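Report on the structure given below.
The shown structure was predicted, so the numbers you read here are calculated from the model rather than taken from an experiment.
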Amino acid sequence: MKKIKKAVIPAAGLGTRMLPISRTVPKEMLPIVDRPAISYLVEEAAAAGAEDILIITGRGKDAIENYFDYSIEYEQKLTASGKLDKIEEMRNICSMANVYFLRQKETRGLGHAVLTAKNFVGNEPFYILYGDDIIVSETPVCTQLANAFESHGKPVCGVKPVPWESVYKYCSLKAEQNGDGSYNVTDMIEKPKPEQVYTNLSILGRVLLTPDIFDILETTAPGAGGEIQLTDAMRVIAQNGGMTAVDFEGERFDLGSKLGFLTANIKEAVKHPEVGEDFKKFLREFVADMDK
């Protein structure tokens, strides 16, 4: 299998659903226990073989760049305390891949953000990991998409069935099952009206695209919300040769919402090697007190 070497992470959004904290802390830097959300995305892309990762940022997001840089002050303090393992851990964060940054000067939608990555991507297939979507899985979702790309030779989107009453918040795919459990997608629509819904399969956070998406994005008119929607550009691909959809293995957390953020923290905290057992004990006692 040809390795997908590049990944793009759009992270320029304002995060209005996470106000007031997102006014001063980028939502991508909100912690899941002791790691910022953006770290999960970079680690997934790197684990799937991506060597060069572009994070598209905006004003007020300097903390993201700082996280993927060496921290001399902390290293000096940790060296003096003999905590060399912590230094190695922090340096590994910086060296798992080549992480680059590009500022989106105006937030005109996900499609516009991806278009800014044209020169970075060049003539290679690439992953896109949506900045709000953290997916915890045994096999990185990007790897799952790469396997489908190798099998079918078409761009791939990661999907999940969503409640029918919630499809209007996402997108709806016109899709039929392939023999291997994946889907062949021939149409899609962003934030559909009830009469426009094809299925309750929606793209959730991961796609693998080929560079021809950029020519399409350059002529894509603003869509839902007055923004340039990546879904509208992928629709052209779906209608002209089709895309593959993979109902991915893994649990998705919407880190753009307060409930998603809290759920991710609780589920990851109970697995944390340092605090997991004590946190589970706390939860049991807390729930027992609630039931009294």
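No donor-acceptor pair under 3.5 Å is formed between the side chain of K174 and the backbone N or O of Q239. Between the T244 side chain and the A148 main chain, no donor and acceptor come within less than 3.5 Å of each other. The backbone N or O of D133 lies less than 3.5 Å from a partner atom in the side chain of R206, making a donor-acceptor pair. Listed for the N265 side chain is a donor-acceptor partner under 3.5 Å among the backbone atoms of V33. Checking side-chain atoms of T199 against main-chain N and O of L201 turns up a donor-acceptor pair under 3.5 Å. A side-chain donor-acceptor contact under 3.5 Å links E249 to the backbone of E138. Remark: side-chain polar atoms of R235 are paired, donor with acceptor, to backbone N or O of M188 under 3.5 angstrom.
Separation of atoms CG (D34) and NE2 (H272) is listed at 3.5 Å; rounding is to 0.5 Å. Taken from OG in S71 to CD in Q76, the straight-line distance is 9.0 Å, to the nearest 0.5 Å. One distance of note links OH of Y198 with CD1 of I189; it measures 6.0 Å at 0.5 Å rounding. Between the CZ atom in F101 and the CD1 atom in I55 there is a gap of 4.5 Å [rounded to 0.5 Å]. The CD1 atom of I38 lies 11.5 Å from the CG atom of L30; values are rounded to the nearest 0.5 Å. Within the model, atoms CD1 of I203 and CE of M243 stand 6.0 Å from one another, a figure rounded to the nearest 0.5 Å.
Look at R35 and E43 and you find a salt bridge, because one of the NZ, NE, NH1 or NH2 atoms lies within 4.0 Å of a carboxylate O, short of that distance. At a threshold of 4.0 Å, the pair D62-R103 counts as salt-bridged, since one of the basic side-chain nitrogens sits closer than that to a carboxylate oxygen.
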Is there a side-chain contact (heavy atoms from CB on, under 4.5 Å) between E28 and Y67? Walk through the geometry before answering. CA-CA 11 Å; E28 297 84 8; Y67 183 76; over 6 Å; no
Determine whether E75 and R91 satisfy the following criterion, side-chain contact (heavy atoms from CB on, under 4.5 Å), listing intermediate values before the conclusion. CA-CA 10 Å; E75 290 187 7; R91 290 218 162 202; 2.8 Å; yes
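Residues L41 and I134 meet the side-chain proximity criterion, which asks for heavy atoms closer than 4.5 Å. Residues K27 and L255 fail the side-chain proximity criterion, which asks for heavy atoms closer than 4.5 Å. Residues Y183 and L173 form no side-chain contact, since every pair of their non-hydrogen atoms from C-beta on lies 4.5 Å or further apart. In this structure, L230 and L209 have side chains that are in contact, with non-hydrogen atoms separated by less than 4.5 Å. In this structure, the side chains of I32 and F253 stay at 4.5 Å or more apart for every pair of heavy atoms.
Y168 and V197 fall into different hydrophobic clusters, where Ile, Leu, Val, Met, Phe, Trp and Tyr are joined by side-chain heavy atoms under 4.5 Å apart, directly or via other members. V8 and I216 fall within a single hydrophobic cluster, where Ile, Leu, Val, Met, Phe, Trp and Tyr are joined by side-chain heavy atoms under 4.5 Å apart, directly or via other members. In terms of hydrophobic clustering, with Ile, Leu, Val, Met, Phe, Trp and Tyr side chains grouped at heavy-atom distances under 4.5 Å, F214 and I9 are assigned to different clusters.
The environment of CD in E176 is sparse: at most 12 heavy-atom neighbours from other residues, nucleotides or ligands sit within 6.0 Å. Other residues, nucleotides and ligands place no more than 12 heavy atoms under 6.0 Å from the NZ atom of K86. More than 12 heavy atoms of other residues, nucleotides or ligands lie within 6.0 Å of CD in E195, so this atom counts as buried by the packing criterion. Heavy atoms of other residues, nucleotides or ligands lying less than 6.0 angstrom from NZ of K267 number 12 at most.
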Under 3.5 Å donor-acceptor pairs involving side-chain atoms of residues 152-163, not counting sequence neighbours:
| residue | atom | partner | partner atom | Å |
| --- | --- | --- | --- | --- |
| H152 | NE2 | D180 | OD2 | 2.8 |
| H152 | NE2 | S182 | OG | 3.2 |
| K154 | NZ | N184 | OD1 | 3.1 |
| K154 | NZ | G241 | O | 3.2 |
| K160 | NZ | D247 | OD1 | 3.1 |
| K160 | NZ | F248 | O | 2.6 |

Just distance, no hydrogens or angles: give the donor-acceptor pairs under 3.5 Å from side chains in residues 110-130, sequence neighbours left out.
| residue | atom | partner | partner atom | Å |
| --- | --- | --- | --- | --- |
| H112 | ND1 | Q104 | NE2 | 2.8 |
| T116 | OG1 | A113 | O | 2.5 |
| K118 | NZ | E218 | OE2 | 2.9 |

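Partners of F279 under the ring-ring contact (aromatic ring centres under 6.0 Å, His included) rule, at least two apart in sequence or in another chain, are F282. For K5, the salt bridge (charged side-chain N to carboxylate O under 4.0 Å, His left out) test picks out no residue, with sequence neighbours left out. Listed by chain and number, the residues in a salt bridge (charged side-chain N to carboxylate O under 4.0 Å, His left out) with R23 amount to none (sequence neighbours excluded).
Counting Ile, Leu, Val, Met, Phe, Trp and Tyr side chains that sit under 4.5 Å apart, directly or through other members, L78 shares a hydrophobic cluster with Y74, L84, I87, M90.
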